[in-house]
Protein chains: 2
Amino acid sequence: MNAAELLSHHHLKKSSARISIIRALQELETPASEPEISNKMGIHYDRTTFYRSIQTMVEAGLIRKIVVDKLVVRYALRDKPDHAHFYCDNCQQLTCLEDIHPGPYRLPAGFQTRESDVIIRGLCNSCSNHLPIETIH
Amino acid sequence: MNAAELLSHHHLKKSSARISIIRALQELETPASEPEISNKMGIHYDRTTFYRSIQTMVEAGLIRKIVVDKLVVRYALRDKPDHAHFYCDNCQQLTCLEDIHPGPYRLPAGFQTRESDVIIRGLCNSCSNHLPIETIH
DNA sequence: TTCTTGGTGCAACATTGTTGCATTTGATAC
DNA sequence: GTATCAAATGCAACAATGTTGCACCAAGAA
């Protein structure tokens, strides 16, 4: 689905900033941070606009917000079923683990789930191959 | 275990700031943010000291850092087996779900787990009882 | 008690995000 | 197409959370 279709599918106005953000995320293919997305967007938008657009689309369920470690916040299109994410402590890359699905979890009485995140931290395959153990602090 | 014992158990110097942070966390009993912990600590310490002390103890495995939504970062003593956390979108309270244990996860070849987080967001029992649906945005 | 490593305070800065207000733009009706 | 209006955008200022460099002090060992 293209950007305009995604927006109308979620009953959102097709504004230029939103379309640009969605296209950037589609090109990046992996969950990306604000500066990464902004760089990928051709036109410059104010950071306020970025955050307000992202917030609207997160609330609409179009975009997923993945918080890893504070100062490392990533956004991804919600175009796949929910899955866990792997964060490499060494190269900071965030990898989608599409085979690992969160839950369902049996919560205590009265708790209502809206969303859940599974973040696994460690060393990715690339870093564990190329790095001697001692260099990893 | 008291603060001094916890520190020597993790081969860390028993500095006054660290002891104070650990005591505050023990009294709070629930994962708490920087301002919450600082308030609970009787003496005033510089925020730099707080962050450096926390970082040291997180790296040593004494304290666990739980990142929920950016701008909402909590710290907890690692005195229980790993478990999921529930974050209430309405009252911002973080609840330990000690019956829900993360993983073990089958990762693709080459990935090494160091730690994993399961964050479930939604409405806690208290908020879902007391609030009419419309007031929750 | 002295010595040395590393913990602490201060000042300045970085990143990520928010709020208020004026202006522009997208969607709808005409 | 044009008018209309709610909603999106830009700008400026601010807020929360965390980091870095440097001087000073304190904990633990000899």
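Keep in mind the model is a prediction, meaning the values are calculated, not measured. In what follows, chains are A, B, ... by sequence order, proteins preceding strands, each numbered from 1.
Of the side-chain N and O atoms in B/Tyr51, one or more sit less than 4.0 angstrom from OP1 or OP2 of D/dG18. For the OP1/OP2 pair of D/dT19 and a distance below 4.0 Å, the side-chain nitrogens and oxygens of B/Gln55 include at least one atom meeting the criterion. Dashed line: the shortest gap from a side-chain N or O of A/Thr49 to OP1 or OP2 of D/dG10 is under 4.0 Å.
Remark: C1' of D/dA15 and NZ of B/Lys70 are 11 Å apart, rounded to the nearest angstrom. A/Tyr75 has its OH atom 12 Å from the C1' atom of C/dT15, to the nearest Å. Atom pair B/Glu34:CD and D/dA16:P shows a separation of 11 Å (rounding to whole Å applied). When rounded to the nearest whole Å, the span between CG of B/Asp46 and C1' of D/dT20 equals 13 Å. Rounded to a whole Å, the NZ atom of B/Lys14 is 14 Å from the P atom of C/dT8. Distance, A/Leu7 CG to C/dG26 C1': 12 Å, rounded to whole Å. Spacing between atom CD1 of B/Ile37 and atom C1' of D/dT17 amounts to 13 Å, rounded to whole angstrom units. Between the C1' atom of C/dG9 and the CD1 atom of B/Ile43 lies a distance of 15 Å, rounded to the nearest Å.
Residue contacts for B/Ser33: at a heavy-atom cut-off of 4.0 Å it reaches no nucleic acid atom on any strand shown. Within the 4.0 angstrom heavy-atom criterion, only backbone atoms of the sugar-phosphate kind lie near A/Arg18; the bases stay farther away. At the heavy-atom level, B/Ser53 lies under 4.0 Å from the strands shown only through sugar-phosphate atoms.
With the nearest nucleotide of DNA chain D identified for both B/Ser15 and B/Val73, B/Val73 has the one nearer the 5' end. Each of B/Val72 and B/Leu12 has a nearest nucleotide on DNA chain D; the 5'-most of these lies closest to B/Val72. Sequence order on DNA chain C of the closest nucleotides to A/Phe50 and A/Ser16 puts A/Phe50 first from the 5' end. Nearest-nucleotide positions on DNA chain C for A/Lys13 and B/Ala17 put B/Ala17 closer to the 5' end.
The base of D/dG10 is paired with the side chain of A/Arg52 by a donor and an acceptor separated by under 3.5 Å.
Residues A/Tyr75 and A/Glu34 bring no donor and acceptor atom of their side chains to less than 3.5 Å of each other. Donor-acceptor pairing under 3.5 Å is recorded for the side chains of A/Tyr45 and A/Ser16. In this model, a donor atom of one side chain and an acceptor atom of the other lie less than 3.5 Å apart for B/Ser33 and B/Glu36.
Two residues are said to be in side-chain contact when any heavy atoms from C-beta on lie closer than 4.5 Å; A/Cys124 and A/Asn90 fail this criterion.
Candidate nucleotides D/dG18, C/dC10, C/dT16 were compared by shortest atom distance to the side chain of A/Arg47, and C/dT16 ranks first.
Applying the 6.0 Å contact sphere to NE2 of A/His9 captures no more than 12 heavy atoms from other residues, nucleotides or ligands.
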